[in-house]
Asks: 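Once you've had a glance at the structure underneath, I'll fire off some questions.
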Amino acid sequence: MNFDFSDDQKFLKREARKFLEAACPIATTRSVLDSRDKPFDEPLWRKVVEMGWTGTVIPEKWGGSGLGHTDLCAIAEELGRVIAPIPFASTVYVFAEAILAFGEDRQCERLLPAIAAGEAIGCLAVGEGRGRLACDAMTTRVEDERLHGAKIPVTDGDIATHAIVAARDDAGLGLFVVDLATAEGVRREPIESLDPTRSAARIVFEGAECERLGAAGEGKAQLDTVMNRAAVLFAFEQLGGADRCLETAREYALERYAFGRVIASYQAIKHKLADIYVKNELARSHAYYGAWALGAGESNLPLAAAAARVAGIQSYDFAAKENLQTHGGIGFTWEVDCHLHLRRSRQLALALGGISNWREQLVQELEARNQH
Amino acid sequence: MNFDFSDDQKFLKREARKFLEAACPIATTRSVLDSRDKPFDEPLWRKVVEMGWTGTVIPEKWGGSGLGHTDLCAIAEELGRVIAPIPFASTVYVFAEAILAFGEDRQCERLLPAIAAGEAIGCLAVGEGRGRLACDAMTTRVEDERLHGAKIPVTDGDIATHAIVAARDDAGLGLFVVDLATAEGVRREPIESLDPTRSAARIVFEGAECERLGAAGEGKAQLDTVMNRAAVLFAFEQLGGADRCLETAREYALERYAFGRVIASYQAIKHKLADIYVKNELARSHAYYGAWALGAGESNLPLAAAAARVAGIQSYDFAAKENLQTHGGIGFTWEVDCHLHLRRSRQLALALGGISNWREQLVQELEARNQH
Amino acid sequence: MDFNDSPEEAEFRARARAWLAANAPEVNWAQLDQSDEPAMKAAGQAWQARKADAGFACISWPREWGGGGESPVMQAIFDEEEGAYGIAFRFFGIGLGMCLPTLMAVGDAQTCKRFVGPALRGDEIWCQLFSEPGAGSDVAASRTRAVRANDGSGDWIVNGQKVWTSGAHYSDYGLLLARTDPDVPKHKGLTMFWLDMRSPGIEVRPIHQASGDSEFNEVFFADVRIRDCQRLGEIGEGWKVALITLMNERLAVGMGSGPGWRELLALARELPGADGRPAVEDQALREKLADWYVGAEGIRLTRLRVMTALSRGQAPGPEASIGKIVSARQMQDVATEALDRLDQFGIVAGEAGGADIAAFDYNFFFGGALRIAGGSDEILKNIIAERVLGLPADIRVDRDVAFKDIPRGR
Amino acid sequence: MDFNDSPEEAEFRARARAWLAANAPEVNWAQLDQSDEPAMKAAGQAWQARKADAGFACISWPREWGGGGESPVMQAIFDEEEGAYGIAFRFFGIGLGMCLPTLMAVGDAQTCKRFVGPALRGDEIWCQLFSEPGAGSDVAASRTRAVRANDGSGDWIVNGQKVWTSGAHYSDYGLLLARTDPDVPKHKGLTMFWLDMRSPGIEVRPIHQASGDSEFNEVFFADVRIRDCQRLGEIGEGWKVALITLMNERLAVGMGSGPGWRELLALARELPGADGRPAVEDQALREKLADWYVGAEGIRLTRLRVMTALSRGQAPGPEASIGKIVSARQMQDVATEALDRLDQFGIVAGEAGGADIAAFDYNFFFGGALRIAGGSDEILKNIIAERVLGLPADIRVDRDVAFKDIPRGR
């Protein structure tokens with residue numbers, strides 16, 4: 001048993017942090033926040049690609065580094081810390097993982113090297129409107145290998161080169177790959193998002209060419225796998241963000257004076273920060289377990305992913321809100337970074353579906369394991 | 001609009017407090033707590049009867065004082081403060097209210113003067129086992145005016161002279177009055193309760209004589225009325241208890257030293273007590289509104305009662321637990337009174353059904369009022 | 001306990017209702033462009049003047065200053081009836097809720113005569129200049145300086161900066177808390193003034209908020225000259241005057257606005273939940289709705305208790321202080337829950353999301369602000385603990401120190 | 001990250017499993033009468049001795065003192081395997097978890113040689129005599145006095161009272177924190193001793209707890225004589241020694257026991273909920289179960305992180321401190337929820353309620369105790385804030401004051 005990053009992974013993590021501190025200062029994230037027509041930071045994206053991060057877990061034969069998922073988790077945690085304004089999650093945690101899990105060799109050969117090389121940006125198009133995703137109610141259809149329907153919201157849908165789309169055909173729900181850059185019959189409308197540092201779109205498919213990913217009619221199970229794998233990686237981004245909030249709150253509390261002493265000397269603030277710490281450590285432990293489950297096969301993943309996601313959402317949400325609260329009025333200004341975490345924590349909390357879905361999945365797993 | 005006790009009611013309340021401070025010091029409650037064969041404090045019960053409290057809202061023609069329910073609320077708050085170890089709630093808030101609401105004249109004539117005179121002790125026998133009360137699943141039956149079935153738990157069931165029993169007959173669910181003291185076919189087994197300062201029993205009816213209360217087959221609606229009316233009065237007992245917890249915690253925090261100063265000077269304790277205060281004031285406002293709804297007719301009562309009960313349960317539960325926490329180790333000893341409130345807060349929280357039932361009732365009322 | 005109107009109250013309500021029916025603006029409220037501030041201000045001022053003419057502005061203020069001389073309950077009744085028309089202008093709350101009551105409490109007759117009437121009619125709008133970048137929770141740590149002009153005029157020269165000033169950009173007058181003596185402990189060196197917001201040397205800059213909006217301002221003072229007759233109260237007594245304003249603030253501020261349990265309930269009825277059934281059937285959501293109703297309605301009822309005390313001529317009890325603690329947190333929680341229940345769609349903002357989601361988005365951010373504005377959660381709990389429960393004050397290292405010597409960090 | 005056993009660990013686990021299969025007591029654990037303390041103690045001691053003989057007692061202790069010299073991970077593996085048999089004795093935790101590690105850290109070789117072996121075999125049982133009525137959260141405020149005998153023997157005479165001493169009535173030895181100098185600031189006037197619990201002048205009285213049980217004791221000292229060689233560490237250095245014990249306490253104490261989410265889930269499957277459907281279908285309950293799983297499992301996993309650090313020869317990180325904060329609150333919350341879901345039946349205690357309800361009742365009270373024992377929630381948050389996050393200590397009015405002059409109330 002070994003329940004921590006290895007020394008190599010710790011080294012990777014330190015290097016990643018050093019790299020991101022230089023390559024992604026908060027000004028980089030703000031440059032995307034502040035300009036409507038800049039959906040992501042391309043220079044940062046190129047640097048991240050050069051670091052080989054988009055191909056971390058892609059096998060060497062397909063142009064990647066062939067590292068393990070725990071290495072990717074280490075990178076995710078660091079990207080979360082800096083609120084990186086790039087389509088890494090959509091491309092790597094979701095799109096690449098889906099191809100790795102369900103792609104035939106010819107699909108892997110075509111797509112994975114492109115991801116590793118930074119030529120492909122992926123996205124996942126499942127939602128069709130307000131409220132909980134209901135696979136049975138999805139109206140996007142595939143007929144004669146052509147997609148018809150509209151998806152909203154699609155994170156990074158405006159900048160992606162490829163999408164994985166959930167849609168029905170005669171076999172039931174399936175996953176389909178669309179080459180957004182070349183396929184005809186694709187209309188994309190950028191939409192505003194609560195977190196402008198990550199772009200989003202509505203995508204309308206009007207007979208767009210598509211290609212099946214994996215077995216027919218297995219879309220529900222495939223989607224579960226994709227979501228579970230992404231959930232663990234999201235949990236690490238959330239962990240990085242939550243830790244950063246705690247650090248920021250701590251730093252501010254140590255320099256802000258009220259009534260003649262630093263506010264960090266008041267129990268109300270001390271205990272608030274301790275509460276954040278407790279939640280973050282729980283989230284870290286669940287994220288670690290999720291990282292292990294990612295590599296250790298399917299059987300533990302649904303429970304581990306749900307727990308990592310619930311803990312990750314809760315800790316980042318709490319840390320982001322209480323970081324702002326610790327800052328007081330100044331925390332509510334645009335110029336101070338508190339709201340960037342608040343926005344990103346919401347984005348990460350919702351992008352794979354809200355917390356109640358995951359709580360429900362968690363309890364269903366517990367019920368299955370605790371049959372009388 | 002007048003949203004407070006009147007001057008007369010405040011006078012009544014002050015007098016009640018004075019009376020109870022003398023007649024029901026904590027030693028009185030402890031005398032019931034500490035002796036297994038003392039289900040309630042008879043001397044206190046007699047004194048309370050002499051004060052006329054059991055007949056507060058009973059019309060003068062039936063031996064009562066003919067006061068309003070707000071007066072009774074004032075008394076309830078004071079009884080809650082002192083954790084009174086008497087069957088007042090069962091007799092007055094539940095039994096007398098049920099007779100007043102549904103009794104025919106001859107029943108009123110027979111029973112209400114006995115309540116006012118302290119000769120009758122009432123109880124409500126509805127539950128039949130673990131989990132939420134399901135009227136449809138009740139197995140107690142009436143055949144040929146004879147009751148068959150078992151009820152558990154029945155608060156004060158071991159000492160009551162009369163019970164109102166929910167049971168089915170051919171018309172459906174109904175309420176029935178049983179004279180426990182004289183009817184044959186009644187077997188009572190005292191049971192242990194989480195709050196030994198209030199007694200409880202299992203009652204087995206084996207062909208006991210009974211008398212219908214109110215219309216046949218209307219048991220569900222009648223029970224709702226009985227529960228709603230009692231909920232408001234319980235809310236005042238809870239309010240009194242919660243206020244007393246806050247006072248006790250405050251007093252202790254002002255005299256206990258840690259690290260060279262009183263613990264009341266630490267923000268963790270100050271904010272904890274402030275949190276109790278906030279919850280108590282919300283509970284007070286809802287209790288007041290419930291008191292008004294008790295008198296103002298049926299239409300507001302289900303919502304007002306549910307809100308008063310939810311707020312009452314939450315505030316007393318929180319106040320009792322955090323009072324003990326404020327006391328630290330000494331609060332966990334038998335000799336210190338913290339656990340008496342903890343026990344009573346649980347008793348009051350469960351005796352009319354758990355908080356989730358009431359939350360559900362509340363939301364149903366909101367839905368009915370906010371139809372599109 | 002009586003929620004029904006007394007005969008007097010019923011009579012007043014009938015009168016208010018009739019007047020409103022005849023006089024309420026015939027606009028479709030929902031279609032007004034709230035962002036067109038000049039138009040909104042003009043409409044608000046017109047409506048305020050019409051109410052003043054009919055005796056329905058500031059119903060509980062003394063008649064001598066143009067008020068109605070009625071009990072606060074009558075004001076509440078009028079607010080209820082007015083609320084039924086959906087009429088809500090944001091321009092007058094701070095002036096009529098905080099500044100003018102302070103003026104009436106400490107100003108001389110001449111000052112009151114000059115200002116109360118125009119404010120009450122909506123002709124003149126006021127703002128409150130208390131908070132500073134270094135004096136948020138600790139309002140008494142204000143550093144904005146007022147020093148006597150060295151020309152013997154007795155005038156004061158003001159330099160410094162205020163922040164979080166609602167409506168500074170459309171206000172005519174302001175209530176200014178300034179430091180006149182940094183050599184004495186901080187509570188003793190403050191003095192209160194009123195000033196003309198168009199005085200030379202005042203610059204108002206909108207604050208770009210975390211929410212993206214700009215509802216508040218920074219106000220900069222560069223050698224702003226004010227006369228000594230603009231002083232409210234004695235020199236060095238500014239903190240006592242400020243406490244009057246802050247007490248009124250705590251009574252006035254505090255209600256969360258925008259979508260609450262009611263709007264969440266409405267949303268949840270439309271929203272698909274588990275297995276495609278409406279989200280409103282989810283018991284977890286229902287339990288939260290119940291608790292939020294208890295919170296929101298509990299605060300409303302608590303205000304009625306305060307009003308009862310006021311109408312009996314008693315001072316409002318400490319219960320008034322709980323409002324913002326409950327409602328600010330709830331504003332944030334309800335909005336978060338709404339976004340959660342929208343599931344992936346919860347990230348959608350702006351036009352693609354729709355007006356109802358935009359309102360929850362707004363509250364998601366603004367709930368965080370309300371937990372800070374007008375006394376943070378932490379400060380309000382301190383106030384309850386100390387002033388209501390009589391617990392000891394936090395250990396104060398700045399109490400007997402000259403203001404200029406108090407540690408203040410960067 | 002690897003949850004699978006390493007080859008070494010797998011080998012150890014196989015060995016432990018085989019040994020347990022051959023040696024585990026053949027009792028029906030569920031039917032033992034836990035209240036028959038002498039019998040339980042005898043059974044516990046027999047089992048502990050058998051483990052010691054096989055090298056499975058105190059697996060991570062140094063071999064020189066009779067331990068296994070293995071990593072803490074091996075101990076955890078053994079605990080897992082032993083746990084599968086449901087074996088749990090409460091007699092040795094405090095001695096082996098807190099007292100003996102302290103002894104090994106500061107005691108001389110002779111003392112360790114005398115005591116470690118017998119404790120490890122279960123022959124001698126230890127208790128920890130720290131808390132006092134006036135020194136709960138503030139352990140260093142201990143008033144129990146140890147003064148030199150005036151007979152020149154160098155012996156110490158102890159007078160005073162300790163409280164909340166688990167197992168004092170069946171313990172053979174105790175670790176005693178006593179004040180040897182009241183004229184210096186409180187942390188500086190303490191000294192640590194070990195003592196024989198059968199020394200003349202010691203009286204042990206059970207505490208009647210709020211829960212109705214008596215698991216803890218008061219211990220009174222009346223002129224109890226102990227020799228100077230029973231001193232652990234230097235005179236006046238007792239607080240430093242105590243910190244070793246308290247650190248071990250924080251690692252050892254802390255897991256809630258008794259019914260948790262698993263038992264609540266089981267109960268909810270049986271229980272009628274709304275409309276007669278099983279309570280487990282209630283989404284509100286399900287969401288809470290999910291959160292409690294996250295809490296309980298998160299703490300378990302966090303302990304594995306601590307173990308990983310230990311097995312790498314690193315000091316356990318600060319994450320160890322979160323255990324009790326989470327688990328104590330959860331113990332109370334889960335029990336409260338269970339009673340709520342039982343509805344009216346939740347008030348039923350004792351035999352009429354059944355063993356499963358009795359277990360929730362127990363936790364309803366004991367969760368409240370666990371939020372206090374071994375450092376209250378408030379103290380633990382202070383510790384996290386100060387020692388983990390490096391925030392300033394609370395303002396201390398007692399730091400430089402002679403102990404006897406510190407205000408202490410009644």
Side-chain angles (χ1 to χ4, degrees), chain A residues 126-134 136-137 152-153 155 189 191-196 198 200 202 255-263 266 268-269 272 313 317 321 324-325 327-336 338-340 342-343 346-347 349-357 359-360, chain C residues 131 133-134 136-138 141 163-164 186 207-212 270-276 279 282 284-285 332 336 339-354 357 361 364-365 368-369 371-373 376-378 381-382 394 396-399 401 406-410:
Chain A
V126 286
E128 299 185 350
R130 297 170 164 214
R132 193 181 293 205
L133 197 66
D136 297 341
I152 176 171
T155 297
E189 303 156 3
I191 56 174
E192 284 181 55
S193 153
L194 200 130
D195 176 15
R198 302 283 280 110
R202 178 166 177 266
E255 65 186 29
R256 170 77 179 183
Y257 278 71
F259 306 103
R261 49 182 168 119
V262 292
I263 62 171
Y266 291 96
I269 298 295
K272 185 193 296 296
I313 290 174
D317 178 78
K321 285 175 178 165
L324 195 155
Q325 178 73 11
H327 277 71
I330 193 99
F332 193 62
T333 60
W334 189 261
E335 290 73 21
V336 169
C338 297
H339 68 104
L340 275 74
L342 196 59
R343 293 171 188 280
R346 267 296 81 192
Q347 210 282 341
L350 295 171
L352 299 174
I355 190 168
S356 51
N357 315 4
R359 285 191 178 120
E360 176 58 26
Chain C
S131 292
S137 294
D138 184 8
V163 75
W164 299 115
K186 70 179 181 186
I207 294 174
H208 192 183
Q209 292 157 208
S211 59
E270 314 284 323
L271 229 45
D275 306 324
D282 186 302
L285 178 61
Q332 193 175 45
T336 303
L339 300 180
D340 277 340
R341 295 288 165 179
L342 285 161
D343 212 67
Q344 297 189 23
F345 202 85
I347 68 162
V348 180
E351 268 176 38
I357 297 183
D361 275 348
F364 176 73
F365 290 103
R371 287 180 55 201
I372 296 163
S376 68
D377 290 357
E378 290 76 20
K381 286 185 188 179
N382 256 16
D394 289 344
R396 293 284 290 271
V397 299
D398 62 348
R399 192 177 292 285
V401 181
I406 294 173
R408 60 171 67 152
R410 294 183 309 186

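In the text below, chain A, chain B and the rest are named by the order of the sequence lines, each starting its count at 1. This one's a predicted model, so the numbers in the text were calculated from it and none came from an experiment.
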Asks: Less than 4.5 Å apart, side chain to side chain, heavy atoms only: is that true for C/Thr336 and A/Lys321?
Replies: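 SC-SC contact between C/Thr336 and A/Lys321 confirmed.
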Asks: Measuring from C/Ile357:CD1 to A/Leu194:CG, what's the distance to the nearest 0.5 Å?
Replies: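 Result: 10.5 Å between the selected atoms.
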Asks: When only pairs under 4.5 Å are counted, which of C/Leu285, C/Leu339, C/Asp275 shares the most heavy-atom pairs with chain A?
Replies: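 Answer, by heavy-atom pair count under 4.5 Å with chain A: C/Leu339.
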Asks: Could you tell me which portion of A/Val262 (side chain, backbone, both or neither) has an atom closer than 4.5 angstrom to a non-hydrogen atom of chain C?
Replies: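 Contact with chain C is absent: no heavy atom of A/Val262 under 4.5 Å.
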Asks: Heavy-atom distance under 4.5 Å to chain A: side chain of C/Arg341, backbone, both or neither?
Replies: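 Answer is both: backbone and side chain atoms of C/Arg341 are under 4.5 Å from chain A.
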Asks: Do you know which of C/Gly346, C/Ser211, C/Gly212 has the most heavy-atom pairs with chain A at a distance under 4.5 angstrom?
Replies: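 Counting heavy-atom pairs under 4.5 Å, the top option is C/Ser211.
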Asks: Out of C/Ser376, C/Gly354, C/Ser137, C/Ala369, which one racks up the most heavy-atom pairs below 4.5 Å with chain A?
Replies: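 Highest number of pairs under 4.5 Å: C/Ala369.
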Asks: Highest number of heavy-atom pairs under 4.5 Å with chain A: which of C/Leu342, C/Ile406, C/Val163?
Replies: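 The answer is C/Leu342.
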Asks: Go through the atoms of A/Leu133 and report whether side chain, backbone, both or neither lie under 4.5 Å from a heavy atom of chain C.
Replies: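 Both parts, heavy atoms under 4.5 Å.
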Asks: Using every non-hydrogen atom in the two residues, find where A/Ser193 and C/Ala349 come nearest and quote the distance to one decimal.
Replies: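 Heavy atoms of A/Ser193 and C/Ala349 come nearest at C-CB, 3.7 Å.
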Asks: For C/Ala141, is it the side chain, the backbone, both, or neither that has a heavy atom closer than 4.5 Å to a heavy atom of chain A?
Replies: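 Contact with chain A is absent: no heavy atom of C/Ala141 under 4.5 Å.
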Asks: Could you go step by step and tell me if A/Leu324 and C/Ile372 meet the side-chain contact (heavy atoms from CB on, under 4.5 Å) rule?
Replies: CA-CA 9 Å; A/Leu324 195 155; C/Ile372 296 163; 3.6 Å; yes
Asks: Using only atom types and a distance under 3.5 Å, with no angle test, would you say the side chain of C/Arg399 pairs donor to acceptor with the backbone of A/Phe259?
Replies: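 The answer is no, because no donor-acceptor pair under 3.5 Å joins these two groups.
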Asks: Report which part of C/Ile347 has an atom under 4.5 Å of a heavy atom belonging to chain A: side chain, backbone, both, or neither.
Replies: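 C/Ile347 touches chain A through backbone and side-chain heavy atoms alike.
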Asks: Considering only heavy atoms, which portion of A/Arg198 lies under 4.5 Å from any heavy atom of chain C: side chain, backbone, both, or neither?
Replies: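 The answer is neither part of A/Arg198.
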Asks: Measure the spacing between CD of C/Gln209 and CD of A/Glu335 and express it to the nearest 0.5 Å.
Replies: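 These two atoms lie 10.5 Å from each other.
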Asks: Flag the one option from A/Glu360, A/Glu128, A/Arg256, A/Arg346 with the top tally of heavy-atom pairs under 4.5 Å to chain C.
Replies: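 Ranked by heavy-atom pairs under 4.5 Å with chain C, first place is A/Arg346.
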Asks: Please look at A/Ser356 and chain C and tell me whether the side chain, the backbone, both or neither of the residue comes under 4.5 angstrom of a heavy atom of that chain.
Replies: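 Interface part for A/Ser356: side chain.
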Asks: Between atom CD of C/Gln344 and atom CD of A/Gln347, what is the distance when rounded to the nearest 0.5 Å?
Replies: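 Those atoms lie 10.0 Å apart.
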Asks: Walk me through whether A/Arg261 and C/Asp394 qualify under side-chain contact (heavy atoms from CB on, under 4.5 Å).
Replies: CA-CA 11 Å; A/Arg261 49 182 168 119; C/Asp394 289 344; 4.1 Å; yes
Asks: Considering non-hydrogen atoms only, spot the tightest contact between A/Phe332 and C/Phe365 and give its length.
Replies: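 Minimum heavy-atom separation between A/Phe332 and C/Phe365: CE1-O, 3.5 Å.
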Asks: Do C/Phe364 and A/Arg343 come within less than 4.5 Å of each other through their side chains, counting heavy atoms only?
Replies: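 When only atoms from C-beta onward are counted, A/Arg343 and C/Phe364 do not touch, as no gap falls below 4.5 Å.
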Asks: Tell me the closest heavy-atom pair linking A/Gly260 and C/Asp398, and the distance in Å.
Replies: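 That closest heavy-atom pairing would be N-OD2, 3.7 Å.
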Asks: So A/Trp334 and C/His208, would you call those rings parallel, tilted or perpendicular, with 30° and 60° as cut-offs?
Replies: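 Answer is parallel, since the angle falls under 30°.
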Asks: So among A/Leu352, A/Ile355, A/Asn357, which one has a side chain to side chain contact (heavy atoms under 4.5 Å, CB included) with C/Asp343?
Replies: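 Going through A/Leu352, A/Ile355, A/Asn357 one by one, the side chain to side chain contact (heavy atoms under 4.5 Å, CB included) with C/Asp343 is satisfied by A/Asn357 alone.
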Asks: Under the criterion side-chain contact (heavy atoms from CB on, under 4.5 Å), I'd like the reasoning laid out for C/Asp340 against A/Ile313: C-alpha separation, chi angles, the key distance, then a yes or no.
Replies: CA-CA 11 Å; C/Asp340 277 340; A/Ile313 290 174; 5.7 Å; no
Asks: Could you tell me which of A/Gly328, A/Cys338, A/Ala137 has the largest number of non-hydrogen atom pairs under 4.5 Å with chain C?
Replies: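 Top count of heavy-atom pairs under 4.5 Å with chain C: A/Gly328.
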Asks: Please classify the contact between C/Lys186 and chain A as side chain, backbone, both or neither, with a heavy-atom cut-off of under 4.5 Å.
Replies: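 Just the side chain, heavy atoms under 4.5 Å.
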Asks: Taking every heavy-atom pair that is under 4.5 Å apart, which of A/Gly127, A/Ala351, A/Ala134 has the most such pairs with chain C?
Replies: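 Highest number of pairs under 4.5 Å: A/Ala351.
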Asks: Side chain, backbone, both or neither: which part of A/Ile330 has a heavy atom under 4.5 Å from chain C?
Replies: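 Backbone only.
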Asks: Counting heavy-atom pairs closer than 4.5 Å to chain C, which one of A/Gly354, A/Ala258, A/Pro153, A/Ala268 comes out on top?
Replies: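 Most heavy-atom pairs within the cutoff with chain C belong to A/Pro153.
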Asks: Quick one: CD on A/Glu189 to CD on C/Glu351, what's the gap to the nearest 0.5 Å?
Replies: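 It is 11.5 Å, given to the nearest 0.5 Å.
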Asks: Looking at C/Ala284, C/Gly350, C/Gly276, C/Ala352, which has the largest count of heavy-atom pairs under 4.5 Å with chain A?
Replies: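 That would be C/Gly350.
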Asks: Does the side chain of A/Arg132 come within less than 4.5 Å of C/Asp282's, by heavy atoms?
Replies: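 Counting from C-beta outward, C/Asp282 and A/Arg132 do come under 4.5 Å.
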Asks: Could you walk me through whether C/Glu378 and A/Tyr266 pass side-chain contact (heavy atoms from CB on, under 4.5 Å), step by step?
Replies: CA-CA 10 Å; C/Glu378 290 76 20; A/Tyr266 291 96; over 6 Å; no
